[in-house]
Amino acid sequence: MIIVHEQDLLFHLKNTQVSYVFRVMEETGILENLYYGSTISDYENFDWLLEREIRPGNNLVPEKLLTSLEHIKQEMPVYGTTDFRYPALEVTYPDGDSISHFRYQGYKIFKGKEAVKPLPATFGEADQVQVLEVFLKDDYSDLHLTLRYAIYKELPVITRQTFLQNKGQQDYLLKHLASLNIDLPNEQYDWLHLDGAWARENHLSREKIHRGVQQVSSTRGASSHVHNPFLAICQPQTTESQGKVYGFSLIYSGNFQAQIELDNYDYLRIQLGINPFQFQWQLRSGETFVSPEAVAVFSLHGFSGMTQAFHSLFRRHLIRSSWKDVPRPVLLNSWEAAYFDFDEKKILDIAGASKELGVELFVLDDGWFGSRNSDKGSLGNWTENCEKLPRGLANLVRDIKAMGLQFGLWFEPEMVSDDTPLYQAHPDWIIGHPKKNISQGRNQYVLDFGNPKIVDVIYDQMDKILKEVPIDYLKLDMNRYISEAYSSELSPVQQGEVAHRYILGVYALYDRLANAYPHILIESCAGGGARFDAGMLYYSPQIWTSDDTDAVERLVIQAGTSMVYPLSSMGSHVSAVPNHQVARTTSLDMRKNVAFFGVFGYELNPLALTQEEKEQIRQQIKEYKAYQELIMQGDFYRLATGDTNRIAWMVVSPDQSEALVGYYQILAQPNPTYQRLRLRGLKEDDCYQVIEANTESQRYGRDLESIGLLLSQNYLGHEPEYWSREMLGDFSSRLVYLKRV
Ligand code: DGJ
């Protein structure tokens, strides 16, 4: 997979789906990219790919006009080498300048890969992944740079991570270190990104790339509801099923930047990494700074190809939990069922009623600790609320388990409220400047998780409960952003480290919990989807996708999220109507059919259901269990319907023997055009039993792809049936199951 042409110092990372070629440039010793895209042949000599137009520009080596790096596609551009585009690395040197020149030193190749502490990263066995490390050294300092590339055998995936080591005696100030830099010739590309806000996360945006810089980023201390650490570029005609796409994801949960720069010679520079905004790292003698790993995916098969590559990589090589391939229990979460308004009896009643519905795991959400009866206090006091739970948590859990249910518990470990013993003993343990205003968010402060001592204190509180109470599932939440980054623990020159150190502390806590309690299923959450990113996926195989549980809004949120993240990671629950976020009423069937395409559960009060609804839910859970493996393991397709009023999803088992199709109509139209839904991913020559409600038919894969499922709501050619026909109506859905005959 990794070919090295020693004489030309050229590296070709290659598998059956992707090629990535770069070399050491003559005269300058910098790394020059020659090609990235679909697999190409390997050649003894790649000189024909060199682009060396002489243009007006500054030349790095006197009298050598060809050493104008402004026009060279590079792997790790830096400032001070005649390249005027944004650099991938910036260091302030002792003289106050930031002039670097990193020159090639050597390389190393090895098989198999593990995450390098302290960051999450992809991993794989020796027969699955190969790693190339390229070593560079700065001409003017003792800084050494390692670019670590990985190529996965079965996937169109290259990853890259950057390490900066200080082998000298003095300290340096690192201002910016991109994880990935790719310079590509532009092809009139569009770019895609996922944007939103609380309760409307991950809406997909697509725009033409214009000249100059465009970026998505976060300055909030979390990857955020606002932008996701992902971007893709694609040819203008690209659809779900065809066209060239490059997708990029950063395995990181803090302040990130994903940037595109289109220059005046039609080169695109793509960079992903920690956001340089307010970032500064004092790199002391002997220390190494590790950047997050970035993933680059290539697809010639449109967005579905990109999606499936991300999903396969994350499912097989990123999620480390023992739960990654295990069917998840169908849960009922108490949040929308009771919010803060419960006591022991109510919880036991809800749990008992859930069990009768077929629920497998009961989750006690916020409100069980300290004196918490609203969102105004008690965070950081992780002992049971004795008023609500007078017999204690252990007894409550014993009774719930005696019902035959598993038990899950909510924590928000990173936060503290000002009414707690923890805050009162250590007011300086929060993030913020003690002499300046420190804002509250949801009435709470952010603990300075950059300080390992504070992480230990919180871990010990959680550990005590986990040792005493048999807990099967943890929901780990985070409900506010960092607005005044300052740590009382750090020196003035280190204040630019606060946000990154904070996220390292979060990872350390998750790592300790995952190691000490490997049997516990962890679902991470950040006010819904404010940290739905590949970094959190490393520790938690599922993430709460959004606080919005409305089936119609979820169609948009889940479709956007599915661009990058597998269905097996997307928490999706059926909740009550009118919906608590948008007051919309949709049928129980519609809510179920949307929530099916994720990690399925409920978030409602079962005591408030009618007998008919209870029976419906019993059936829903049975139905989900039958499809669960297919949904968790299958290949996901967003099907083309031609408009945004109608949405269709499909998941096909890896052996193509079965598939599930969800079709959703937002608003009904009078006298609609005839609807045909073309399926994907089936075996052309195989015949499938097509099962929908009470109707069954047999069709060949080829025909289901070319003709499609006929979805007309009109009478089927029999005039008398016209007036009695059943129409889907507003907010409606259909579910079709296909099984190879
Ligand atoms: C935000 C989460 O996203 C919700 O699901 C719920 O756990 C609340 N926090 C509890 O405060």
Side-chain angles (χ1 to χ4, degrees), residues 196-202 220-226 228 253 331-342 347 350 361-382 384-385 388 407-417 419-420 440-447 462 471 473-481 506 521-533 536 540 542-550 553-554 557-558 561 565 569-576 579-582 591 595 598-605:
W198 172 78
R200 53 177 168 84
E201 299 89 339
N202 287 339
R220 295 164 186 259
S223 50
S224 93
H225 300 99
V226 183
N228 196 270
S253 313
L331 66 79
L332 185 137
N333 179 297
S334 69
W335 181 240
E336 287 198 28
Y339 295 103
F340 296 104
D341 179 21
F342 60 83
I347 290 299
I350 293 176
L361 162 69
F362 175 79
V363 179
L364 181 54
D365 208 279
D366 199 349
W368 61 267
F369 52 92
S371 54
R372 189 150 162 107
N373 295 312
S374 73
D375 65 6
K376 290 211 166 50
S378 296
L379 296 169
N381 179 8
W382 300 108
E384 56 264 79
N385 182 329
K388 284 179 173 172
F407 180 79
L409 195 61
W410 180 98
F411 285 89
E412 192 175 357
E414 300 155 53
M415 301 291 153
V416 72
S417 314
D419 65 349
T420 55
Q440 291 198 334
R442 210 195 188 205
N443 312 303
Q444 64 204 44
Y445 294 117
V446 185
L447 284 168
M462 297 176 78
I471 285 170
Y473 161 107
L474 282 176
K475 180 171 171 189
L476 302 182
D477 204 350
M478 192 287 284
N479 281 297
R480 64 155 288 183
Y481 295 128
V506 174
L521 171 60
I522 299 180
E523 176 154 355
S524 68
C525 172
R531 266 194 330 215
F532 205 121
D533 56 60
M536 297 316 292
S540 58
Q542 60 194 61
I543 302 177
W544 181 227
T545 314
S546 174
D547 275 352
D548 197 313
T549 52
D550 167 54
E553 173 60 27
R554 276 290 186 131
I557 295 174
Q558 290 178 207
T561 308
Y565 308 101
S569 67
M570 289 167 28
S572 51
H573 300 170
V574 171
S575 62
N579 172 267
H580 295 192
Q581 293 80 37
V582 294
R591 282 174 271 157
V599 185
F600 186 66
Y602 291 84
E603 182 122 359
L604 45 70
N605 185 354

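Basis for what follows: all heavy atoms, side chains included, without hydrogens, waters or symmetry-related copies. Indexing begins at 1, ligand by ligand and atom by atom, following the structure's order. Numbering starts at 1 and runs along the sequence shown.
The residue Asp375 has no part lying near ligand 1, judged by heavy-atom distances below 4.0 Å. Under 4.0 Å from ligand 1, the heavy atoms of Arg442 that appear belong solely to its side chain. Residue Lys475 touches ligand 1 through its side chain alone, judged by heavy-atom distances below 4.0 Å.
A tilted orientation is assigned to the rings of Trp368 and Trp382, their planes being inclined by 30° to 60°.
Arg442 has a carboxylate O that lies under 4.0 Å from a charged side-chain N of Asp366, or vice versa, which qualifies the two as a salt bridge.
Residues Ser540 and Glu523 are not in side-chain contact: their nearest non-hydrogen atoms beyond the backbone lie 4.5 Å or more apart.
The ligand atoms of ligand 1 that sit less than 4.0 angstrom from a heavy atom of Asp366 are 10 (C), 11 (O). Listed by number with element, the atoms of ligand 1 under 4.0 Å from a non-hydrogen atom of Trp544 are 3 (O), 5 (O). Near Gly527, with a cut-off below 4.0 Å to any heavy atom, the atoms of ligand 1 are 1 (C), 3 (O). Contact atoms of ligand 1 toward Asn479: 1 (C), 9 (N) (distance under 4.0 Å to a heavy atom of the residue). Against a heavy-atom cut-off of under 4.0 Å, Cys525 is close to the following atoms of ligand 1: 2 (C), 3 (O). Heavy-atom contacts of Gly528 reach the following atoms of ligand 1: 3 (O) (cutoff under 4.0 Å).
Taking both residues in full, the closest heavy atoms of Trp544 and Phe532 are given as O-CD1, 4.2 Å, listed atom of the first, atom of the second, then distance.
Of the protein's non-hydrogen atoms, the one nearest atom 4 (C) of ligand 1 is Asp547 OD1, 3.3 Å. Looking only at heavy atoms of the protein, atom 7 (O) of ligand 1 is closest to Asp365 OD1, 2.6 Å. Among all non-hydrogen protein atoms, the one lying nearest atom 9 (N) of ligand 1 is Asp477 OD2, 2.7 Å.
Taking the six-membered ring for Trp and the full ring otherwise, Trp335 and Phe340 have centroids separated by under 6.0 Å.
In this structure, Thr545 contributes its side chain and Gly571 its backbone to a donor-acceptor pair below 3.5 Å. At least one donor-acceptor pair under 3.5 Å links the side chain of Glu412 to the backbone N or O of Asn479.
Partners of Glu384 according to the side chain to side chain donor-acceptor pair (under 3.5 Å) rule, which considers only residues two or more places apart in sequence or in another chain, do not exist here.
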